[in-house]
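Every chain is numbered from 1 and lettered A, B, ... according to where its sequence line falls, protein lines coming before strand lines.
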2 protein chains.
Amino acid sequence: MSPRGRKQAAELGASSRRAELLAHAAEMFAERGFRATTVRDIADAAGMLSGSLYHHFDSKESMVDEILRGFLDELFGRYQEILARELGPRQSLEAIVIASFECIEARRAEVAVYQSEAKYLMRFERFSYLGERNVEFRKMWIGLFEDGVRQGVFRQGMDLELVYRFVRDTVWVAVHWYRPEGGELSARAIAEQYLEILLDGIGVGRRNTVAKSNG
Amino acid sequence: MSPRGRKQAAELGASSRRAELLAHAAEMFAERGFRATTVRDIADAAGMLSGSLYHHFDSKESMVDEILRGFLDELFGRYQEILARELGPRQSLEAIVIASFECIEARRAEVAVYQSEAKYLMRFERFSYLGERNVEFRKMWIGLFEDGVRQGVFRQGMDLELVYRFVRDTVWVAVHWYRPEGGELSARAIAEQYLEILLDGIGVGRRNTVAKSNG
DNA sequence: GTCTATATCTAGATAGAC
DNA sequence: GTCTATCTAGATATAGAC
């Protein structure tokens, strides 16, 4: 083997070990939470001792950082790509919801870590990008809804800030119960059912019968 | 003051101190998470030293236990009460959603603790009641939706397990952003907007236009 | 009922041998 | 690249004085 070949193999070996450690870490951060997971837990899962882990990462924080950056970059790229296609508000909404559920399917652990730890981590300067991403995501969603209302495909008179929060939350909390392995429901199938509820509602016919509050 | 009066005052003092400590604990568990909150944090907030806290509670676990039991008992009682009124599926749904948002308003910290810590705590025997409550809540919701479909007020052909999860999640995750103090939106006002989305959807007219998956 | 002092444990992280 | 050994900090919890 040439020196170059050896070097490449070594790098591949090192990076695959890194990836393996990250995968274990993501799984455990998702399952028990970031703070409840010890570096010993992660090292154990990978069959090494905690000291050895520091050859690959310089802290537990660096691990969660890498996990979150990777996930957010991909997700944001995917959303941008869909919007760039200019399908119109309704089809963009559908594509984005489907992409989100597919993301849950493909990167369950990462999504769960983001979902349950972002709020806590955001307070540290190192993780300020989490807040920035939130702003971007919000702008994207609200813009989509505004377009939809303007074009007459979404109802008028809704509080779009609320709509945004409901959609965002409902899509992402699914990560806590969605297990593609066991059941038969594909990400697409779930997305379709969800979109049916979101676009048409669960009621039969239009109502406007909820008693309005006095205040 | 009579001996009896003194005893009552002492008990009242003790129990109000307990309540105060629990309130601080709930606030901090909600904000930073159960494990990230130290007994020192709680004691500090109440203006005492960590050792003194153990005069009132025998462990940090006991504190979160008391918080969750109190919250779940009240919430479940409230739901039962609404169902006992036999208002029919649609009005029951509306009343339960409104009651849930009111609960978020009135007991924000407790709801947040339940929301973010139940999954972790459930694995310990001491907190097995969390799992039991989940089963009861699920039975109640699914039953409500089944009645509604049977009576023709909710659409047929929906996966009610999915509907249940979406409703449950959307209602409860609101605790992470809903701050009644600042804004003008009352719990009732949010519940109404939410019910409008849930019952009628955000789309204009019926569609059935989501491309069905091939699988 | 609170304080002081401290026992005990567990965590993240480092240094140097192999 | 992994192991052994260990440092340091911070956590829960306890005991006994006041």
### Query
A/Thr38 side chain: which of C/dG1, C/dA11, D/dG1 is closest?
C/dA11
### Query
When you match A/Arg40 and A/Met48 each to their closest nucleotide on DNA chain D, which lands nearer the 5' end?
A/Met48
### Side-chain donor/acceptor of A/Tyr79 to backbone N/O of A/Ser100, under 3.5 Å
no
### Query
Between B/His55 and C/dC3, does any side-chain N or O lie under 4.0 Å from OP1 or OP2?
no
### Query
Hey, is the main chain of B/Leu144 close enough, under 3.5 Å, to the side chain of B/Asp147 for a donor-acceptor pair?
no
#### Entry: B/His56 NE2 to C/dC3 P, straight-line distance once rounded to whole Å
10 Å
### Query
With respect to the phosphate group of D/dT14, does any side-chain polar atom (N or O) of B/Tyr54 fall under 4.0 Å of OP1 or OP2?
no
### Query
Taking CZ from B/Phe57 and P from C/dT2, how many angstroms apart are they, rounded to a whole number?
12 Å
### Task
Measure from CD1 on A/Ile42 to P on C/dG12 and round the result to the nearest Å.
8 Å
### B/Leu21 CG - C/dT2 P separation (whole Å)
8 Å
### Message
If I take atom CG in residue A/Asp44 and atom C1' in nucleotide D/dC3, what distance separates them, rounded to the nearest angstrom?
### Response
14 Å
### Plane angle bin for A/Phe34 and A/Phe29 - parallel if under 30°, tilted between 30 and 60°, otherwise perpendicular
perpendicular
### Query
So, is A/Arg17 near the phosphate of D/dT2, with a side-chain N or O under 4.0 Å from OP1 or OP2?
yes
### Task
Figure out the CG/P separation between A/Leu53 and D/dT2, and round it to whole Å.
10 Å
### Query
Once the angle between the rings of A/Trp141 and A/Tyr164 is folded into 0 to 90°, is it parallel (under 30°), tilted (30 to 60°) or perpendicular (over 60°)?
tilted
### Task
In whole angstrom, give the distance that lies between atom NZ of B/Lys60 and atom P of D/dT14.
15 Å
### Task
Looking only at side-chain atoms of B/Ser52, point me to the closest of D/dT12, C/dC3, C/dA13.
C/dC3
### Query
For A/Leu49 and C/dA15, what is the distance between atoms CG and C1' respectively, to the nearest whole Å?
15 Å
### Query
When you measure from the side chain of B/Ser116 to the backbone N and O of B/Ala112, does any donor-acceptor pair fall under 3.5 Å?
yes
